[in-house]
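See below for the structure under consideration.
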Amino acid sequence: MTEQTDNPLRAYSTRTPSWWAPILAILWKDVLLESRTREMVMPILVFSFLVIVVFNFVIDPKPALVTAVAPGVLWVAFTFAGMLGLNRTFSMEMEHGGIEGLMMCPVGRDLIYLGKMLGTFFFILVVELIMLPVFAAIFNLPLFEPGLWLITALATFGFATVGATFSAMAVNTRAREILLPILFFPIAVPVIIAATEATRAVLAGDSLGDYSRWLQLMAGFDVIFVVIAALTFDFVLGE
Amino acid sequence: MTGRLTLLGSSGVLMMLLLTLIFLWVPTDIVLGISQRIFYFHVPMALVAFLAFVVVVVGSIGYLWKKSERMDALAYAAAEIGVLFTTLMLITGMLWAKPVWGVWWTWSPQLTTSLILWFIYTAYLMLRSYAPQGDQGARYGAVMGIIGFVDVPIVYMAAKWWRDVHPEAVVGPLADEGSLEGKMVIAFLVGLLAFTTLFAYLLMERYTLRRQESLVERLRYSHV
Amino acid sequence: MSKRLAALVATLILLTPAMLGSSHTEGEDYLPFLFAVFAVTWMAFFGYAFFMTRKQADLKREIDILRQSIEESEGT
């Protein structure tokens, strides 16, 4: 898909040193854009903070209750945060014809997908890594576990794989803000279950072996859907 | 057309036969009593719903591969009827669970997966109605059809493992499906055949209607 | 015709909870559930057939309008 030398427009891709250069270029574009506009990380950060605070009031987590409800609260906050990030992934490309620019890029559509997907993954992950210590402080929990970081990374990657595809679809539909979560949540259910259960295991002090099947489930989800989404992205963007 | 009428007719006859078998012929289950007779409706509908979603994914791949509108209409029609059957499967399942287990709902892996299945294909139908008509909507639908289908076994696995961590709350007399008697198997097979023919008939009708809809849609735009 | 059909279906649906409410879930008194299953299933298929018929009627109306406008544009 990347090497179409017969098309002069695509000659660029044959000159680029490697297949990952376009991915990095798109990723870098999004990081640069974010550093100037600050429309993604800050609002999502504040929002997920708000979710955690609101949860604190509605469930009143007393110390005895904390380990039971904390994983759920954490993953509801992260899922909603991810949702907002996914909304932005392609809606920001709709402004000033960004999507047309992307589609005219002389690179394969799978590489465009990977670039956008990694950007989404990166931004949501940044928010989550900032939120983890905040969360730990508020709920008085030991969250500085490497296992937790791994869970967060695997789950967020899973969100980004299907989420980037759905985001690209939803921007071209009516009622796009409401359609994206309706598409995204049912598909992401296994990741949400796995992340919550693995977090519960970490907080209970279980060893890696006890919850490794949840990590495997998430890793499987990530691999399957990154492949399917990359292969089908050509159909999502269209001509 | 006559093929369709035959299909509808045989489905009707099979339904009558099924009702006769259910009320007058099959033995009453010793443990579950009369309510076990819901089984002859519930399980065939569940299997047909799954068959419908197989048709959706076949139509989706077919559309992306061949760009044939027929495949897309097939996928759409199957998704709509699949959601209908899944809805019925969930409702009849609840009506079965209440007398047997004493609860309307329990988060068993099968029930959880069925519910998520319902959500996925309802989302598919919403995507189709909110996305632009024609090729773009069809492409979106096809991608959603493929992703949704691949997701189902992963959902089932997650729901199963989740059940291990959160053991089932104590519910009434445990409904172990156990072995079916010979007569029960026959009634079940008649039910399966009846609902499969009904599905085939509905699918053909909905497919034709869908094709006509998109044809009229295109005519309107080309004419105006 | 269609209004009467809708009224009938609505009445049946409204009756279902009453049927369920009157049930005692003891012994062999499961019959209302069995009836509810048949009622719901038939109503759903009936409703779906009704939905398809209405769609077909809409389509027919649209085709008539299209034909009319084509004839008009050819007439002038």
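Side-chain atoms are counted along with the backbone in the values below, which use heavy atoms only and exclude waters and symmetry mates.
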Min side-chain heavy-atom separation B/Leu202-C/Met52 under 4.5 Å: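 Yes, close enough: below the 4.5 Å cut-off.
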Side chains of B/Val216 and C/Leu66: does their closest heavy-atom pair fall under 4.5 Å?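 Side-chain contact under 4.5 Å: yes.
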Name the region of [X], side chain, backbone, both or neither, that has any atom closer than 4.5 Å to a heavy atom of chain C.
X	value
B/Leu198	side chain
B/Met45	side chain
B/Phe195	side chain
B/Leu209	both
B/Leu88	side chain

When the ring planes of B/Trp104 and C/Phe33 are compared, do they come out parallel, tilted or perpendicular, using 30° and 60° as the limits?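 Tilted.
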Please say whether more than 12 non-hydrogen atoms of neighbouring residues, nucleotides or ligands are located less than 6.0 Å from CZ in B/Phe149.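 Yes, because the 6.0 Å sphere around CZ of B/Phe149 holds more than 12 heavy atoms from other groups.
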Any chance OH of C/Tyr48 has more than 12 other-residue heavy atoms, nucleotides or ligands included, within less than 6.0 Å?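 Atom OH in C/Tyr48 is packed in, count exceeds 12.
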Distance from B/Ile38 atom CD1 to C/Phe35 atom CZ, nearest 0.5 Å?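 Between atom CD1 of B/Ile38 and atom CZ of C/Phe35 there are 11.5 Å.
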Apply the test side-chain contact (heavy atoms from CB on, under 4.5 Å) to residues C/Trp42 and B/Met15: give CA-CA distance (whole Å), side-chain angles for both, the deciding distance (0.1 Å), then the verdict. CA-CA 11 Å; C/Trp42 295 125; B/Met15 284 289 178; 3.4 Å; yes
Among B/Arg206, B/Glu217, B/Gln212, residue most engaged with chain C (heavy-atom pairs, under 4.5 Å):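 Most heavy-atom pairs under 4.5 Å with chain C: B/Arg206.
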